[in-house]
Amino acid sequence: MPDWSPLPDAPLFPPEGYAPLADAIAGLLGTKNDVLLVQGEAVVALEAAASSLGRPGLRALNIVTSLYGRWFGGWLRRAGAEVVDLTAPPGLPIGLEAVEAALAQGKFDLVAVVHAESATGILNPLAGILALAQATGALTVVDVVASLGGHAVEVDDLGIDIAVMGPQKSLGGQAGVSALSVSPRAWAAVHPGGEAPSILSLADQKTLWLDQGRHALPGTPSALEFHALAAALDRVRAEGLSAIERRHARAANAARAGVLALVGRNWVAEDQASNLVTPLPVPDSMSADDLLAELPEGHALSAGVGPAGDRLLRLNHTGPRAALEPVLSDLNAIAHGLHRLGVPADPGQALGAAAEAFG
Ligand SMILES: *Cc1c(COP(=O)(O)O)cnc(C)c1O
């Protein structure tokens, strides 16, 4: 045992180590665009994108399917942009007809959307939204924080101008560093930095890092966080991104089959469901909190987040939980809780259906 702790005494992160991290993330995103590393959790990268693009005169269509989208609109407005929020029905993805109708209401310079939501387990129809937005010439900003690793995200094939990722969801890493990709068109729309450097200014990150040859990051980066990111990316490389995506898809199939067996239906159709979280619609006779209160000690379930939150229980199968065992354990706990509330639920059947669907 060394007489030092790896936490406070972490060795320096080598200055030449940052560019390979950005390159690895570019590979995962499927992009040749610039990738910036942001020293903060993914909401900081989202706030930086909104703060750097937002300005008076900019019109944005902001699709809201959770609080992240709501915040994004708020940051754009704070930067002076005119923002139209397009909010999906509670707990559901946005419909393409709604996007099309909103885009027909005027000229938009930017369209923002979250790909997949961990809050409610829904998947937005990203390719269709992007095609509609691109037909109007709008820039596109996509939050792929939850989806990267759970669903295919091909930034260049899809033509995403700014994609924001974080390593701590499907990729199973830590939350301390996030990243975003920036297309040449997006760079042209980013406003220049101010008098003092800002973590929220993409232009500053460009001047202080990209244009300096991508050596040491500006400021005093936390070595610990970058070692953690490097280790997470090594793991992703070892397993393979498509294997990680398949593992999430199998866990989602298992969860959906188990939920169907337990309560007779799923919250959304399969093509509207994320591979990260499966929402169980709680029976009408109870709220999510009623059911949570009856679950056995140590369970990993939570109520939905947002306007449909109390109608949903979230089975989280993201990152290391994208495996059969956590899904079976969640289903077993729910069957137990339903039984205690007088709702017949057969755990054997649910677990069997889940195991079969996992394949
Ligand atoms: C978790 C999440 C975020 C925020 O990421 P943090 O790193 O926790 O700040 C943003 N968007 C989506 C869709 C998320 O699931």
Side-chain angles (χ1 to χ4, degrees), residues 21 25 28-29 36-51 62-76 85-88 91-94 111-126 129-130 140-153 155 160 162-181 199-200 222 224-226 228-229 232-233 244-245 248 251-252 268 272-279 300 302-309 312 314-322:
L21 297 180
I25 290 170
L28 299 179
L29 291 170
L36 296 175
L37 299 167
V38 176
Q39 301 178 54
E41 60 175 300
V43 286
V44 179
L46 287 164
E47 185 176 354
S51 307
N62 181 49
I63 297 170
V64 178
T65 46
S66 74
L67 83 171
Y68 297 115
R70 199 138 35 79
W71 291 348
F72 196 81
W75 294 318
L76 282 172
D85 283 327
L86 178 63
T87 303
L92 295 179
I94 195 71
V111 173
V113 66
V114 174
H115 184 195
E117 295 286 7
S118 48
T120 52
I122 60 94
L123 181 70
N124 279 313
L126 183 62
I129 294 169
L130 290 168
T140 54
V141 179
V142 184
D143 173 345
V144 301
V145 178
S147 62
L148 182 63
H151 295 268
V153 176
V155 165
I160 299 171
I162 293 193
V164 178
M165 65 76 70
Q168 82 277 22
K169 301 279 172 71
S170 306
L171 300 180
Q174 291 291 332
V177 181
S178 51
L180 38 77
S181 66
I199 188 89
L200 298 180
S222 163
L224 207 52
E225 297 295 352
F226 285 94
L229 176 60
L233 292 173
I244 295 174
E245 288 166 9
H248 282 83
V268 287
Q272 299 185 315
S274 87
N275 289 334
L276 322 162
V277 165
T278 295
S302 56
V305 182
L312 303 176
R314 296 166 71 246
L315 286 82
N316 174 5
H317 38 80
T318 306
R321 292 185 57 83

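Values in this document were obtained by computation on a predicted structure and should not be read as measured data. Whatever order the structure lists ligands and atoms in, that order sets their numbers, starting from 1. Values below: all heavy atoms of this structure, side chains included; hydrogens, waters and symmetry mates excluded.
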Exercise. Looking only at N/O atoms, are Lys169 and ligand 1 under 3.5 Å apart anywhere?
Worked result: yes
Closest to atom 7 (O) of ligand 1 among protein heavy atoms sits Gln168 NE2, 2.3 Å
A student checking ligand 1 against Ala146 at a 4.0 Å heavy-atom cut-off should list atoms 15 (O)
Per-atom filter on ligand 1: closer than 4.0 angstrom to a heavy atom of Val114 are 13 (C)
Looking only at protein heavy atoms, what sits closest to atom 4 (C) of ligand 1 is Tyr68 CE2, 3.4 Å
Quick look: Ala175 vs ligand 1, heavy-atom contacts under 4.0 Å, and the answer is neither
Where do Asp85 and Thr87 land on the side-chain hydrogen bond (donor to acceptor under 3.5 Å, both in side chains) test, with the steps shown first?
CA-CA 6 Å; Asp85 283 327; Thr87 303; 5.7 Å; no
NE2 (His317) and OG1 (Thr278) are apart, to the nearest 0.5 Å, by 2.5 Å
In ligand 1, the atoms that come under 4.0 Å of a heavy atom of Asp143 are 10 (C), 11 (N), 12 (C), 13 (C)
shortest atom 9 (O) of ligand 1-to-protein heavy-atom contact is with Glu41 OE1, 2.4 Å
For Ala116, the atoms of ligand 1 under 4.0 Å from one of its heavy atoms are 13 (C)
query = Which word best sums up how the rings of Trp71 and Trp75 line up, parallel for under 30°, tilted for 30 to 60°, or perpendicular for over 60°?
reply = tilted
- Query: Has ligand 1 got any nitrogen or oxygen that is less than 3.5 angstrom from a nitrogen or oxygen of Val145?
  - Reply: no
